[in-house]
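Chain letters run A, B, ... following the sequence lines, proteins first and then strands; every chain starts at 1. Keep in mind that what you see is a predicted model, and the values were worked out from it rather than measured.
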Amino acid sequence: MSTSPQDQDQNQEPNPEKEEQKKEEVKEEVKEEVKAEEKAEEKEDKPEEKQEEKTTEETKEKTQEKGTKNEEKKEKNDEAWGDFIYNPRTGEFLGRTASSWGLILLFYLVFYGFLAGMFSLTMWVMLQTLDENVPRHQDRVSNPGLVIRPHAAEITFNRSDPSDYSQYIQQLHNLLQQYNDSIQERNDLCLVGEYTEQDKEEVKKVCQFKRSRLRQCSGLPDTSFGFTEGHPCIIIKMNRVIGLKPHGDPYINCTAKRDSPLQMQYFPSEGRLDKMFFPYYGKKAHPDYVQPLVAVKLLLTKDDFNVEQTVECKLEGTDLRNNDERDKFLGRVTFRVKVSE
Amino acid sequence: MQLCKLLNTLNIPEYNLYLCLFIFQTEHKMSVEEVCRKYQTDIVQGLTNAKAAEYLIRDGPNALTPPPTTPEWVKFCRQLFGGFSILLWIGAILCFLAYAIQAATEDDPAGDNLYLGIVLTAVVIITGCFSYFQEAKSSKIMESFKNMVPQQALVIREGEKVQINAEEVVAGDLIEVKGGDRIPADIRVVSAHGCKVDNSSLTGESEPQNRSPDCTHDNPLETRNIAFFSTNCVEGTARGIVICTGDRTVMGRIATLTSGLETGKTPIAKEIEHFIHIITGVAVFLGVTFFILAIILGYTWLEAVIFLIGIIVANVPEGLLATVTVCLTLTAKRMAKKNCLVKNLEAVETLGSTSTICSDKTGTLTQNRMTVAHMWFDNQIHEADTTEDQSGASFDKSSVTWLSLSRIAALCNRAQFKAGQDSIAILKRDVAGDASESALLKCIELSCGSVRLMRDKNKKVAEIPFNSTNKYQLSVHETEDPNDNRYLLVMKGAPERILDRCTTILLQGKEQPMDEEMKEAFQNAYMELGGLGERVLGFCHLLLPEDQYPKGFAFDTDDVNFQTDNLCFVGLMSMIDPPRAAVPDAVGKCRSAGIKVIMVTGDHPITAKAIAKGVGIISEGNETVEDIAARLNIPVSQVNPRDAKACVIHGTDLKDLSQDQMDDILRNHTEIVFARTSPQQKLIIVEGCQRQPPNLHTTSQQTIVAVTGDGVNDSPALKKADIGVAMGISGSDVSKQAADMILLDDNFASIVTGVEEGRLIFDNLKKSIAYTLTSNIPEITPFLLFIIVNIPLPLGTITILCIDLGTDMVPAISLAYEAAESDIMKRQPRNPFRDKLVNERLISIAYGQIGMIQALGGFFAYFVIMAENGFLPSRLVGIRLNWDDRGVNDLEDSYGQQWTYEQRKIVEFTCHTAFFVSIVVVQWADVIICKTRRNSVFQQGMKNKILIFGLFEETALAAFLSYCPGMDVALRMYPLKPTWWFCAFPYSFLIFVYDEVRKLLLRRNPGGFGTEKQTITEAQKEKNISLG
């Protein structure tokens, strides 16, 4: 049917008369098509009409339907790919007219707009139910993890080459920045060996932990944290967990995995984590809180140089887990140190 | 010659030449001596044993080489690598590739891609095995059809008759066949006694044909002195020399020819291909988009490639292959229960999209059993009961004339029941004798009791069997009354011949002279019955006068020494092969389902038309050109062919039709009967039908055509058709091999159930696929957000597999059990070009709308768990690198707590579990909305028990996976807090409401395509209003 106008299009000449003629032809054909379809549709619709009530709405819908059927038919006739991407005759792009695409776009815009609204609403409701100080569930962090600074699984350096270990030292300095005595002076002195419980207080006080308590490992007298002599300081910290109150008398104990014991020095003495630093009340209520640190100075001998030392530090003296099979950082931490000359 | 024509239509030149050369064999034109010389055999002694053995070695056994059965491993590979599996294989290969890249570049590669690859491979192999075994099962049923009893043949070798296995027959063997035998090879008849063969399996000609030693035709197929392999000898005896054995026989040639025909893809295979195109398109589009995005976001090339692969693989619906296979298998099983055995799973759907059925008449539409339909006596036509179960009306049996008529029919009849069938219903008993005589025998047995008793009482004295010159059959009997010494002469035959011999007629038991009026009445009755397409026989009798023929009179049947005229005409009986009971209903169903039923038969046009009218192929009130001409009393040429909707086309006319004329006929007539067609012409008809547009509304070509057939010569048509349907009972092995489907009860009505099932499975597959595809979006989006906004992965590979191969499986399959929404047999066949299994609209709804809602449901659960554990959404964005770094064991959350790697991973995996559970929750709503395409669930109801089971099963499985101890180690799934189950509930509810509103609007403005978008927009607005 509509192949003929297509053919004519191919032999296009800028002749206005011809074009007019063509248009007429096309119109006629379209009319014919519509007529034929109307007939067919009348047939189709008859049984339906009998069943359904005739309303004005329905007739409106039908006219719509006819329109779309017409479009469909046109679609079918041009199967060439070029026409599919853009069909100049019907103005279809990828098989749809611009208005059709626009409608789809509009629909999805509205649809996704609504979904976004709904999602935001549910999220907002959910966030409203949350406490701002304490997360609802803490069962996954009931036992704190241990981490070391400098942050590395393997601490390897040449003690005679400062550039080799400068990054480690830098890390330690950064960590200890907030433990500077000048800052900690502002904090309160707490009772040693007692929890600093202050559930009721509006403003939670922070217990003092001065950097100087780490002595040789404070980086104050010896800015190289012993790296130069080959006796590096490793700082161990326990993860902050809101409301955690370790029972007993927690301390850090490190052992080297080798036959003969490795000499170590703990700061504060015996690697103790004082109870006064617990519990933690969260970022919002306890913004200046600093967690207690333990520094371990590995007193490596000459024989130990150039040999990799594996050290495991464990949190002891308390009921907190330090032997979880899967989580190697729960209450313990393992690291390797290799110092070369 | 006809075969050559057939070959030309097939365009297979090499076969063409080969077979035509063969057809021009000359044995039929040679004299018997020449034939003997050619095969070095003897007309009396037969072959020597040595010669026979030599020939047997030279030619091989006399059996058709089974069509090159594809080796089992090829069949298996086809299952493994065909259609849908390819998609999964590509996915698996991509996975392995990604893993290889990761393994080469990372120290500790994540195993996800490897596992996914392995699972994909496993899925393909398992489903491949499943469908392979399924097919093996149905071919096993096929095997059982084959006649396991080895056929025997009576050969004469070295002058002795020996019974040997038919496979050992060789060319040159002298063999003997008798009525009831199957011809063991192509033979040149050398002598025959009343031998008739049934060539229907070869030529479609249903009338038995005579065989004699004379060459009557140049064409070996037409000449009388050749009997063909695997045809049946109906009666008489013949002796002949074997000229061809095994594959060299005509039958063998055709069988070989069929195996050379290429068959097209099944519609469902095309649909699946189209579906794969769409899915691949979406996958590649998404993959490439995010690849570019990943590069822009600063990922390395390798990472971006891994993402690319990951996204493409995530688009592969892992479970769909299994779902589709199971759904098709379930339908195939259901169809087998209804006597449709489907050989190829994919053919299950083909019947559903069929828009034309070319059906055989004999056996398919009819009972394949001549039955007495009408009788004319006492100047009145009586109707006999032709129904299969004798439920029809009966006629008045009290008339004396009827007694006489039944006596003649019983006595002048050589047919008899085979022994040992007393317990079987009369109509189902086997009869020895020809079709019409059996029909009479059964009719009499039914209405008058035992025929044997009647024959015993009236001892036969003499008999002249039927022959084509006399056109009558006659026998002389003693009478029942022992005191009456007269003989009773009974005769039956062609009515006009019988009438010629009669001078009186029996009316109400009284003999009256045959006057012109009665002759007129006879003519009218004869015409009327003949016009019904029935085979009419006339009956007359005479009590021979005792004075001329005293007791003991020697009747000489060769040189007739008794009176055979001036008889008394008794009546007419007419027989037809009546339609099966269920057929008219089935044809009606086809018509309302928009399926054109075309009858193709080798029978006479009048018979064909009568049956066509009887079963509704030509519906009441529709006329053929001839009918119109007769009604208006004008010549046929003046009738406008467009006025006639029905037409009956004679095979000889068909020969002269050009392709355009043929198309014209097929297009402009809705009710067509092809009569007197040879099976070769069937192929032309099938091709013609396939060329037609499926319905008036499209200009696109190609109709899906189903063809039924049973003869060997039907097999090319069966193969050429989109779906060939062979007959399980009467069909030849070759036709069964060529067919895609087998009707176990040879009943046309079974095809209609097949159509119904086929349409239903198409609808339901669409639902299953929509359901399965929807969950793809909540499976992909987590990965996309993981890449783009750097949040911890919300849904992992294992959980994705748990959805696709676990929880989604049963509900998706349960949709195959869904009842039809409306009467599927009341709508037009689907248009293969427009009504796709998966189209843009389905993707748009599944991916763009429902899938998105589902994804939001999942993400909500994810954010809830993260937030409740301390990671607020604001903290999550951008956290990915630290989150996934094993070295970071003090990651801070929104509350200032610090997490080790393992601790936060447990939270992440809990999120995966929750996301998974959320998908299950939103899939509840999805399966309910997928139940229907237009109807509301409230209209459709929740009657699908399997679906309800599926809902519980997926929930139970999700709970099991979440709470079963050890799952944290095995699958890294963690128990959820009860409240987390409810996160997705609002979204599930939204899906349900949204789709109900969409369907409501769809029902209110029934339209298609363009309008649907609008209605959705409206639906959305409406909902906004209602919610706002």
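Using modelled atom types, one finds a donor on one side chain and an acceptor on the other under 3.5 Å when comparing B:Tyr987 with A:Thr122. With hydrogens and angles left out, the side-chain atoms of B:Ser918 and B:Tyr862 include no donor and acceptor closer than 3.5 Å. In summary, the side chains of A:Asp327 and B:Tyr901 do not present any donor paired with an acceptor at a separation below 3.5 Å, with no hydrogens or angles considered.
Neither the backbone nor the side chain of B:Ile865 comes within contact range of chain A, judged by heavy atoms closer than 4.5 Å. Heavy atoms closer than 4.5 Å to chain B are found nowhere in A:Val333, neither backbone nor side chain. Looking at A:Glu132, only its backbone comes within 4.5 Å of chain B, counting heavy atoms on both sides. When heavy atoms are compared at a cutoff of 4.5 Å, A:Met123 approaches chain B by way of both its backbone and its side chain. Residue A:Asp324 does not touch chain B at all, counting heavy-atom pairs closer than 4.5 Å. The contact between A:Tyr280 and chain B is made entirely by side chain atoms (from C-beta outward), counting heavy-atom distances below 4.5 Å. Contacts of A:Leu127 with chain B are made by side-chain atoms alone, with heavy-atom separations under 4.5 Å and no backbone atom involved. Both the backbone and the side chain of B:Leu856 come within contact range of chain A, judged by heavy atoms closer than 4.5 Å. There is no contact between A:Lys328 and chain B, counting heavy-atom distances below 4.5 Å. Only the side chain of A:Val147 comes within less than 4.5 Å of a heavy atom of chain B; its backbone N, CA, C and O stay farther away. Contacts of B:Phe859 with chain A are made by both backbone and side-chain atoms, with heavy-atom separations under 4.5 Å. In this structure, no portion of A:His286 lies under 4.5 Å from any heavy atom of chain B.
Contact count against chain B (heavy-atom pairs under 4.5 Å) is highest for A:Val134 among A:Leu330, A:Thr129, A:Val134. Among B:Gly887, B:Ala867, B:Gly848, the residue with the largest count of heavy-atom pairs under 4.5 Å with chain A is B:Gly848. Annotation: maximal heavy-atom pairing with chain A below 4.5 Å, among B:Cys983, B:Gly857, B:Pro986, B:Gly896, occurs at B:Gly896.
With values rounded to the nearest 0.5 angstrom, A:Phe114 atom CZ is found 10.0 Å from B:Tyr994 atom OH.
A salt bridge links B:Asp890 with A:Arg149: the closest approach of a Lys/Arg side-chain nitrogen to an acidic carboxylate oxygen falls below 4.0 angstrom. Using a 4.0 Å cut-off between charged nitrogen and carboxylate oxygen, A:Arg326 and B:Asp968 do not count as a salt-bridge pair. Under the 4.0 Å criterion applied to side-chain N and carboxylate O atoms, B:Glu902 and B:Lys905 are not assigned as salt-bridge partners.
Partners of A:Arg136 according to the salt bridge (Lys or Arg N to Asp or Glu O under 4.0 Å) rule, which considers only residues two or more places apart in sequence or in another chain, are B:Glu868.
Residue A:Tyr112 qualifies as enclosed at atom OH: its count of foreign heavy atoms under 6.0 Å is above 12.
Between B:Phe871 and the choices B:Trp883, B:Phe863, B:Tyr895, the ring-ring contact (aromatic ring centres under 6.0 Å, His included) rule is met once, by B:Trp883.
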